[in-house]
Amino acid sequence: MHRYRSHTCGALRAGDIGLNVRLSGWCHRVRDHGGVLFIDLRDHYGLTQVVADPDSPAFDVAGTLRAEWVVRIDGKVRPRPEGTENPDLPTGAVEVYIREIEVLGRAAELPLPVFGEQEYPEETRLKYRFLDLRRERLHQNIMKRGAIIDSLRRRMKEQGFFEFQTPILTASSPEGARDYLVPSRLHPGKFYALPQAPQQFKQLIMISGFDRYFQIAPCFRDEDARADRSPGEFYQLDIEMSFVTQDDVFAAVEPVLRGVFEEFSGGKPVTKDFPRIPYGEAIQRYGTDKPDLRNPIVMQDVSEIFRGSGFKVFANILANSAKAAVWAIPAPRGGSRAFCDRMNSWAQGEGQPGLGYIFWREDEQAWPGDFQATLDPSDQNQKDLRDRVDKLAKEGRVGQAIRALAAGPIANNLGPKRTEALRAQLGLKAGDAVFFVASEPATFVKFAGAARTKIGEELGLIAKDRFEFCWIVDFPMYEWNEEEKKIDFSHNPFSMPNLPPEDFLALDPAHREKILTLRAVQYDIVCNGVELSSGAIRNHRPDVMKKAFAIAGYDEAVLERKFGGMLHALALGAPPHGGLAPGIDRIVMLLCGEDNLREVVLFPMNQRAEDLMMGAPSEVTPRQLRELHIRPSRPEQRDLS
RNA sequence: GGGGGCGUAGCUCAGUUGGUUAGAGCGUCGGCCUGUCACGCCGAAGGUCGCGGGUUCGAGUCCCGUCGCUCCCGCCA
């Protein structure tokens, strides 16, 4: 018999009854009834109940076992007595009667119990990550992560992609995030950098003629964490393809993501054809470039209804700035004073002056003729309203009907005609509400998007239990940097402008208005409001590249110094190419139903980029520092006396 | 770097208007218990109420500062 086990703890079934077996595992739970003692023995594969009673030679030893001790037990598989089977356990029909116990590893009192679902502080969980990882949920998440990565690899290979490895020690890149630096021993004063992404390498792989690249690529960025952004390091499914248009990239990647989501979503529906939403439209409709399409709320520009209206606050805003607009955020079923006031308070908590609203309540009063005249028999949105009026009339409630009575100070000042036009445009009905934001959109878009999300959540409009994908396309190439009064790259400087090269080369860098309307062939994948990926068709022409950087204020010498290697490569026969890089951690997070990356990463760092288990970052010896030609200069302690 | 929330037993949390000796459940330890599987019953240990200062006859409770955790902003394609 094997030194440690003949079976795993998830293996035994009724068919194994009578076998002499050997199991090894952790004491998950001990239930001591005095005369009979049950231990749930756990390993990676499952749980098996092992039993000892006073007739067992191991009874005394069994009584000394404690939670999470690692033991080997020998014994005979026997059926559980009738009525005591556990249908929740795959091994629940049987148990092992213990003949012998060997303690393989004792455990001191646990700082974090493995058994049970109790919440534990993040700090404890991270410090004792190996205990946390024994727990069912994390253990399963990590296994699922592995299965997802297997599936991604398989699907990529099936599409003709080949996996490459790129350097971990590379050069600091001037754009993008803060680099992690590694001092060079051989070159005093010089540093390697860990790659923020293998961006330049994957482009060079295309230029090297390999055609279809992918990698489960570690990426390192020294930026502050968020719940959906690990500090320090994370993984991307990095992809690049040669001789492709945007459509080709979408056609290659969409089935991979849809397939892997369908495989691991647990039956939740996944978008069949990812809609393509231009960046500008996403901002206007959803207030963000990563919209959660499970939320049905779509914002609309209703400036024309307010322009010159009796609601002077908005009318004046519109009159005072040509850029100003009024956007409406519809709130189906939000038509109550209580809800609208709650949203208003929320907005104030967000630092806004408030959140204007109109809501339409149902009111059993005489039907005013002038209002009735505004109803449109062909408007499907008004159908239920008309039906209710008809029904009341048939019930003989003469002179009574339900009307939608617009309420709130905005409606009073706006007047019935404009209010009704608004209701019609937004397709709202009695019992609904609408909220407004008014100013120059650039200043309120972010808040409007947050309000849309908040309203959707509060009203239960968000269809959980599904995965709603979309592509966001046509990102702006440049943006205006107000602080430095200059034009900046909006995203990746390597993206191809969405303009014929000749037209782009002919651009006048001083023509700011024109340049700020330029789009790049750049795209994101968004799922349920989470940005999964960013990508682009790359700029493979040195002349266009030089021009693109010139517009952003980099002269050729700077470009040469920063991206010289890349530029030379492009000048020696570069194929048109493009790709993207979906975030693996975020994909796994969505598929595990978690809302924090730390729940799907084996050994994550905390928010301050510390590994509490390994004690990273740590001090190093003076000798190590000397070899690296490094002398720390710590910030001086502030004297608070 | 900035803002919000939180900080009471190992864990989750309660703690009244500022008032006697700070509680419960879970966990741990001990005892009892022959069919449990969140076993049950009895008992015990376990507290600088994050830390420092202030107000007060009296502070877990009020005020100020500070530290830690967390979420967000900045930052991050």
Side-chain angles (χ1 to χ4, degrees), chain A residues 28-42 47-56 59 63 66-68 78-89 91-92 95 97 107-128 131 173 175-179 196-197 199 219-232 234 236 289-290 349-351 446-447 450 472 475-477 479 483 488-495 520 522-524 531 533-536 538 580-581 583 595-596 598 606-608 610 612 635 638 640:
Chain A
H28 188 61
R29 190 76 174 153
V30 179
R31 292 179 295 280
D32 185 351
H33 289 241
V36 61
L37 189 145
F38 303 97
I39 298 162
D40 291 332
L41 198 65
R42 184 197 74 238
L47 216 63
T48 298
Q49 174 167 284
V50 299
V51 192
D53 63 22
D55 295 332
S56 162
F59 184 69
R66 293 291 177 270
E68 295 308 302
R78 67 184 194 189
R80 294 197 187 190
E82 195 168 342
T84 67
E85 303 89 348
N86 186 346
D88 298 330
L89 232 48
T91 61
E95 62 191 13
Y97 182 70
E109 188 180 337
L110 301 165
L112 173 76
V114 174
F115 175 81
E117 298 283 315
Q118 176 130 51
E119 298 269 342
Y120 263 70
E122 191 84 34
E123 198 172 354
T124 307
R125 295 182 55 199
L126 291 174
K127 185 168 180 184
Y128 299 97
L131 290 178
S173 67
E175 293 289 319
R178 201 175 291 116
D179 284 318
Q196 298 177 21
Q199 177 66 34
C219 304
F220 306 89
R221 295 178 192 171
D222 186 5
E223 296 294 348
D224 290 338
R226 293 286 183 276
D228 64 351
R229 201 167 80 205
S230 294
F234 59 96
Q236 288 181 340
D289 61 1
K290 41 181 181 175
E350 295 287 299
K446 195 160 195 166
F447 167 71
I472 306 296
F475 277 82
M477 180 87 186
E479 64 191 15
E483 280 177 22
D488 274 350
F489 284 111
S490 186
H491 289 280
N492 187 331
F494 298 130
S495 300
Q522 163 128 13
Y523 36 81
D524 278 3
E531 181 190 317
S533 167
S534 200
R538 318 299 173 188
L580 38 44
D595 52 17
N596 193 307
R598 288 189 290 264
N606 68 7
Q607 190 167 286
R608 295 175 55 206
E610 297 166 313
L612 297 176
R638 271 185 300 167
L640 299 174

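Everything quoted here is computed from the prediction, not taken from an experiment.
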Look at all strands and tell whether [X] reaches a base, only sugar-phosphate, or nothing, counting heavy atoms closer than 4.0 Å.
X: Pro113(A); result: nothing
X: Glu85(A); result: base
X: Arg66(A); result: sugar-phosphate
X: Asn596(A); result: sugar-phosphate
X: Asp32(A); result: base
X: Asp224(A); result: base
X: Glu95(A); result: base
X: Arg125(A); result: nothing
X: Pro493(A); result: nothing
X: Phe115(A); result: sugar-phosphate
X: Glu109(A); result: sugar-phosphate

Between [atom2] on [N] and [atom1] on [X], what's the gap in Å once rounded to a whole number?
X: Gln607(A); N: rG68(B); atom1: CD; atom2: P; result: 13 Å
X: Asp228(A); N: rC75(B); atom1: CG; atom2: C1'; result: 14 Å
X: Asn606(A); N: rU70(B); atom1: CG; atom2: P; result: 6 Å
X: Arg178(A); N: rG1(B); atom1: CZ; atom2: P; result: 11 Å
X: Leu37(A); N: rC32(B); atom1: CG; atom2: C1'; result: 14 Å
X: Gln118(A); N: rU12(B); atom1: CD; atom2: P; result: 7 Å
X: Glu119(A); N: rC26(B); atom1: CD; atom2: P; result: 18 Å
X: Asp595(A); N: rC72(B); atom1: CG; atom2: P; result: 10 Å

Do the side chain of [X] and the main chain of [Y] share a donor and acceptor less than 3.5 angstrom apart?
X: Glu223(A); Y: Ala177(A); result: no
X: Arg598(A); Y: Asn606(A); result: no
X: Tyr97(A); Y: Val50(A); result: no

If the [atom1] atom of [N] is compared with that of [M], how far apart are they to the nearest Å?
N: rC41(B); M: rG60(B); atom1: P; result: 34 Å
N: rC6(B); M: rC63(B); atom1: P; result: 12 Å
N: rC11(B); M: rC72(B); atom1: P; result: 24 Å
N: rG19(B); M: rC33(B); atom1: C1'; result: 45 Å
N: rG65(B); M: rU70(B); atom1: P; result: 23 Å
N: rG52(B); M: rG7(B); atom1: C1'; result: 16 Å
N: rU34(B); M: rC71(B); atom1: P; result: 49 Å
N: rG3(B); M: rG46(B); atom1: C1'; result: 38 Å

Looking at side-chain heavy atoms only, is the closest gap between [X] and [Y] below 4.5 Å?
X: Leu47(A); Y: His28(A); value: yes
X: Glu95(A); Y: Pro81(A); value: yes
X: Phe489(A); Y: Met477(A); value: yes
X: Tyr128(A); Y: Leu110(A); value: no
X: Glu531(A); Y: Asp228(A); value: no

Which nucleotide in the list [options] gets nearest to the side chain of [X]?
X: Arg229(A); options: rC75(B), rU34(B), rA77(B); result: rC75(B)
X: Ala177(A); options: rC76(B), rC72(B), rG35(B); result: rC76(B)
X: Glu123(A); options: rC72(B), rG68(B), rC11(B); result: rG68(B)
X: Arg221(A); options: rC76(B), rC69(B), rC11(B); result: rC76(B)
X: Glu122(A); options: rC11(B), rU70(B), rA77(B); result: rU70(B)
X: Tyr120(A); options: rU12(B), rG10(B), rC37(B); result: rG10(B)

Residue-phosphate contact under 4.0 Å: [X] side-chain N/O, [N] OP1/OP2:
X: Lys290(A); N: rC76(B); result: no
X: Arg31(A); N: rC39(B); result: yes
X: Arg598(A); N: rC71(B); result: yes

**Q.** Separation between CZ of Phe115(A) and CD of Glu68(A), rounded to the nearest 0.5 Å
**A.** 11.0 Å
Suppose we call a contact any N or O donor and acceptor under 3.5 Å apart; does that hold for the side chain of [X] and the base of [N]?
X: Arg226(A); N: rU70(B); value: no
X: Arg608(A); N: rG68(B); value: no
X: Arg29(A); N: rC37(B); value: no
X: Glu117(A); N: rA38(B); value: no
X: Arg78(A); N: rG35(B); value: yes

Q | Centroid under 5.5 Å and tilt under 30°, His33(A) to rC39(B) | A | yes
Across all strands, who's sitting opposite [N] as a Watson-Crick or G-U wobble pair, both distances under 3.5 Å?
N: rG68(B); value: rC6(B)
N: rG1(B); value: rC73(B)
N: rG60(B); value: none
N: rA44(B); value: rU28(B)

Q: Hey, which sits more toward the 5' end of RNA chain B by its nearest nucleotide, Gly83(A) or Val30(A)?
A: Gly83(A)
Q) Mapping Ala536(A) and Pro81(A) to their closest nucleotides on RNA chain B, which lands nearer the 5' end? A) Pro81(A)
Q | Presence of salt bridge, Arg31(A) and Asp40(A), under 4.0 angstrom | A | yes
